[in-house]
Amino acid sequence: MEFLNPEPPYILFKDRPEWSDVTAVPQDDGPSPPLAPIMYNDKYKDATSYFRAIYVSQEHSQRVLDLTLEIIKQNASHYTVWQYRYRTLIALNSPLTEELHLLSKLLPTHLKSYQAWNHRRLLLLQLGKKSARSELAFAEIALAKDAKNYHTWVYREWLLCNFFAPMPFVTSTTISPTEGEEPTIEDLDDEGWVDDEVWREEVAFTDRMLEDDVRNNSVWHHRFFVLFEGPRARPSPELVQSEIDYTEHKIALAPNNASAWNYLRGLLSNSKTPLSTLLPFARPYTLPQSLQPSLRVFAEAEERELLPGENAQLPCVMALEFIADALGEKGEVEEANKLFDELVERDPIRKQFWEYRKRTLAQAPTAPVA
Amino acid sequence: MDALLIDKHVKYIQSLGENTDDLMYHLTAHLRLNAIYWGLTALFIMGHPEALVKEDVIAFVMSCWDDDEGAFGAHPGHDAHVLPTLSSIQILVMYDEVERADKERLVSYLAARQNPSGSFSGDRWGETDTRFSYITLQALELLGRLDAIDKEKAVAHIRRCKNYDGGFGATEGAESHSGQVFVCTAALTILDRLDEIDQPNLAWWLAERQLPNGGLNGRPEKLEDVCYSFWVLSALSILHKLKWIDSDALIRFILSAQDPDGGGIADRPGDMVDVFHTVFGLCGLSLLGHPDVREINPIYCLPAEIAKKRGLHMNYQVLGKDEA
Ligand SMILES: [Zn+2]
C-alpha cells in the first residue's frame, strides 16, 4: 500500500532554503560531469558536500542532525559523519533516548556497520545502566534477524560486562572524546553490586537461542562465557556436571555439531577432567547406524536419551576424534591410531592433520594431547 | 586447475581509481587508503609494483593527513583513525619513503590509542577491538617505536580475549573468529609472545575451518570466503602448521573465484570481485607456494623482501619453501 502514502520527494540540500547560507564544499578528487541526471549518486554527493562545509565551520545544530542522518542512511560506514553527529548531539544536549530509538529503526539494515554499533555504545555510556536492560532485549531482537551477527554479540557482551558486573569491565577511561566531554557513567548507582538475575536470565536466553538453532556457535560461546569466564561466572564441579549433561542431550539431538563437541571439550579442560570420563557417552556416536538398534535395546531408559537418533549421520567425525584423543590421553596408542585411520578416510580434507596426530602420538605415547 | 590471471588482476587494480564518478567510489571513501594499500600489496606480490604511479599514490596518502590529530584519515577530510594510518605507513614502507611521514606525531597518536586495560581503540571515540591492538602494534613496529606502549598490558589484554576453543575474539567475551585469530596471533608475534598461544588447540581450530569444497570459513557453521584464505592461512603459517589443510583444494577454490574477464577475485565463485578479496586471495596463494606469486610476510601482510629489508619478524612458514 506504499503507493497511497508515498515518501515526500527527496530534496537536495542545495535546494533546501534552510541551507542557502552554506556554500557546499565538493570532494576534491575529480570533477562531476556537467548535465548529469539527478540520481542517487548526486544525492550522496550533494549531502556530503554540505557535510564538508559544516565540518570546516564546526557547526553543531539541528540541521546538522538532519544532514548527518541523511548521509548515514545512504552510507552507514562513514565514520567521520557518525562522530560528528555524536558530537553535535552532545553539544545540543539532545535527548539521547530519542537518538537510541532512531538508531533502533536504522540498525536492522545496518547490522554489519561497526560505526552504527559504536554510536549505540557511546549513547549507552551516556544513558547509563537504566537503559542497559532494555538494550539486552534490543540485542535479542537484532539476533532474531541475524542470529550469528558478530557485532550484535559483541555489543551484548559489552552491555553485560559494562553494566552488570561488579566493576565496569570496560572502564569509562577507554572513552575519551573531545576535551571536557567525559561521558558520565551512571552504572553502579542504587544497586551498587551485581545484577545476578541478569546473568541468570542470560543462561535462559542461550537455552532459547539453542532451541532455535542448536548449531549456532555464537550461542555456545556466549553460554561458556556467561557460566565460566565472564565477570559473574561461578564455576563449580556441579555446574560442570550439569553442563555436561545439557551438552550431551544437545549432541543426541544433532550429533554432527562441532560447536557442541567443542563446548564439551571446553567443559572438560576447564575442570581438568580427562576426556576418557565421557567414553561411554561418545562411543555409540562412532558406530554405524546399523548397530544402533541393539544399543538401544540394551540401554537403560535414561541412557537411551543420550544415544544418537535414528536419522543421525553416523559415525560422527567429532566423536571419532574425541575417542581418539581420549585413548591417546590414556596411552592406548594402537586403538587411537585405528581411529585416526578412520578419520583420514571420513574427513579426507584434513588428511594431513590426522596423519600428523598419528605420528605425534607414536612419538610421545603418554603425552596428553591437545 | 584454473590458471592465475596475473595480467587481468593487474589491469583490474589499475582501473579501480579511474571512475571517480561511480557511486561505489564515494560510498567506499572511508576505505580509500586501505584499498590503495590492498591494491599496491597485490601488485607487489604479482611482480608489478610500477603499475600504479608512485608519486601519485604518495601524494594521495599525504593528502589524507589529519593535521589536527596527527595521523591519517581514510580520505582527505576524514577523521584520523588507526586503520588508514597503518595503511599509509605500509604504503610508505613499501615505497621506502616512510621518512615523509611525521613520525613523532604518528607515534604519539598511536601510543595514545592504548587504554589503561591494555586494549587499543581505533580512534579517540573509544571502540576497542583486538584488530586495533594489532594495527597499532604493527604501525609502531614499522616506525621502530614499539617502546612507546605498554607491551605487557597489550599482551594481557589479548590473553583476556582468548577462548576455550583456543581462538581469539574481538573483545573480552567475544566469540573466536578467524580474522581476530589472525590479528591476535600476529600481534603476539610482533610482541615476541607466541608462548601465550595454546598452539595445538588453536592450530586445530584453524584446520577445522576448511570445508569439503576446499574453501575456509571464519567460524563454525559459516560459509567459506576467499578472504579467510588469508586470515586462517596467515595464522597457520605463523604457527608453522600450513600442512594441516588441503592446499590443493584451497588453491582450486581461490582460483575458481577469479573473474576471467575483468580480472579480480571475489569472496566466492560467481560473486562480484573487489580489491579486498583480490589481495587476500593472492596472499593465500603466496603462502601456499603458488609459483606465480611472490612471497608475502603474513605477520604484516607486506611483501617478504620489504619486511626482510627492514629487519622485521620473519618466523613463518611458506609451503614449498624452507621445509624440514
Ligand atoms: Zn570475505
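The basis for the numbers below is simple: all heavy atoms, side chains too, and nothing from hydrogens, waters or symmetry mates. A note on names: the letters A, B, ... follow the listed sequences, proteins ahead of strands, and every chain is numbered from 1. It should be emphasised that the depicted structure is a prediction, and the values quoted were computed from it without experimental measurement.
- Looking at A/Lys351, neither its backbone nor its side chain comes within 4.5 Å of chain B, counting heavy atoms on both sides.
- Contact annotation for A/Trp354: only side-chain heavy atoms (C-beta onward) come within less than 4.5 Å of a heavy atom of chain B.
- Of the residues listed (A/Phe224, A/Phe228, A/Phe225), the one engaging B/Tyr164 in a side-chain contact (heavy atoms from CB on, under 4.5 Å) is A/Phe224, and it is the only one.
- Between B/Arg219 and A/Ser218 the shortest side-chain heavy-atom distance falls below 4.5 Å.
- Only the side chain of B/Asp129 has a heavy atom closer than 4.5 Å to any heavy atom of chain A.
- For B/Ala74, the parts lying near chain A are the backbone and the side chain together; criterion is any non-hydrogen pair under 4.5 Å.
- Contacts between A/Asn270 and chain B at a heavy-atom distance below 4.5 Å are absent for every atom of the residue.
- Closest of all the heavy-atom pairs between A/Tyr150 and B/Ala174 is OH-CB, 3.7 Å.
- Residue B/Glu69 does not touch chain A at all, counting heavy-atom pairs closer than 4.5 Å.
- Here B/Asp246 contributes atom CG and A/Gln352 contributes atom CD; the two are 8.0 Å apart, rounded to the nearest 0.5 Å.
- Considering CD1 of A/Ile349 and CG of B/Asn213, their distance stands at 7.5 Å, rounded to 0.5 Å.
- Residue A/Ser269 does not touch chain B at all, counting heavy-atom pairs closer than 4.5 Å.
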(request) Decide salt bridge (charged side-chain N to carboxylate O under 4.0 Å, His left out) for B/Asp79 and A/Arg87; before the verdict, give the C-alpha distance in whole Å, the side-chain angles of both, and the deciding distance to 0.1 Å. (result) CA-CA 13 Å; B/Asp79 289 347; A/Arg87 266 181 277 169; 3.4 Å; yes
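- For the ring pair (Phe, Tyr, Trp, His ring centres under 6.0 Å) test, residues two or more places apart in sequence or in another chain that qualify with A/Trp153 are A/Phe205, A/His222.
- For the side-chain contact (heavy atoms from CB on, under 4.5 Å) test, residues two or more places apart in sequence or in another chain that qualify with A/Ala258 are A/Met318, B/Glu208.
- Neither the backbone nor the side chain of A/Phe51 comes within less than 4.5 Å of any heavy atom in chain B.
- Between chain A and the options B/His81, B/Glu221, B/His177, B/Gln114, heavy-atom pairs under 4.5 Å are most frequent for B/Glu221.
- Side-chain contact check for B/Trp125 versus A/Asn118: some heavy-atom pair is nearer than 4.5 Å.
- Note: B/Asp123 CG to A/Gln83 CD = 4.5 Å, rounded to the nearest 0.5 Å.
- Note that B/Arg131 lies in the cation-pi zone of A/Tyr114, set by a 6.0 Å cut-off to the ring centre and a 45° limit from the axis.
- Contacts between A/Tyr263 and chain B at a heavy-atom distance below 4.5 Å involve backbone atoms as well as side-chain atoms.
- Side chain of A/Arg121 to backbone of B/Gly126: no donor-acceptor contact under 3.5 angstrom is found.
- B/His78 places a side-chain heavy atom less than 4.5 Å from the side chain of A/His78.
- Looking at A/Arg215, both its backbone and its side chain come within 4.5 Å of chain B, counting heavy atoms on both sides.
- With a 4.5 angstrom heavy-atom cutoff, B/Leu250 does not touch chain A via any of its atoms.
- Expressed to the nearest 0.5 Å, how far CD of B/Glu127 lies from NE2 of A/His119 amounts to 13.0 Å.
- When each of B/Gly214, B/Ala249, B/Ala170 is checked for heavy-atom pairs under 4.5 Å with chain A, B/Ala170 comes out on top.
- Annotation: side chain of B/Asn163 is in contact with side chain of A/Glu229 (closest heavy-atom distance under 4.5 Å).
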(request) Please step through side-chain contact (heavy atoms from CB on, under 4.5 Å) for the pair A/Glu321 and B/Trp204, ending with a clear verdict. (result) CA-CA 12 Å; A/Glu321 185 198 356; B/Trp204 164 234; 3.1 Å; yes
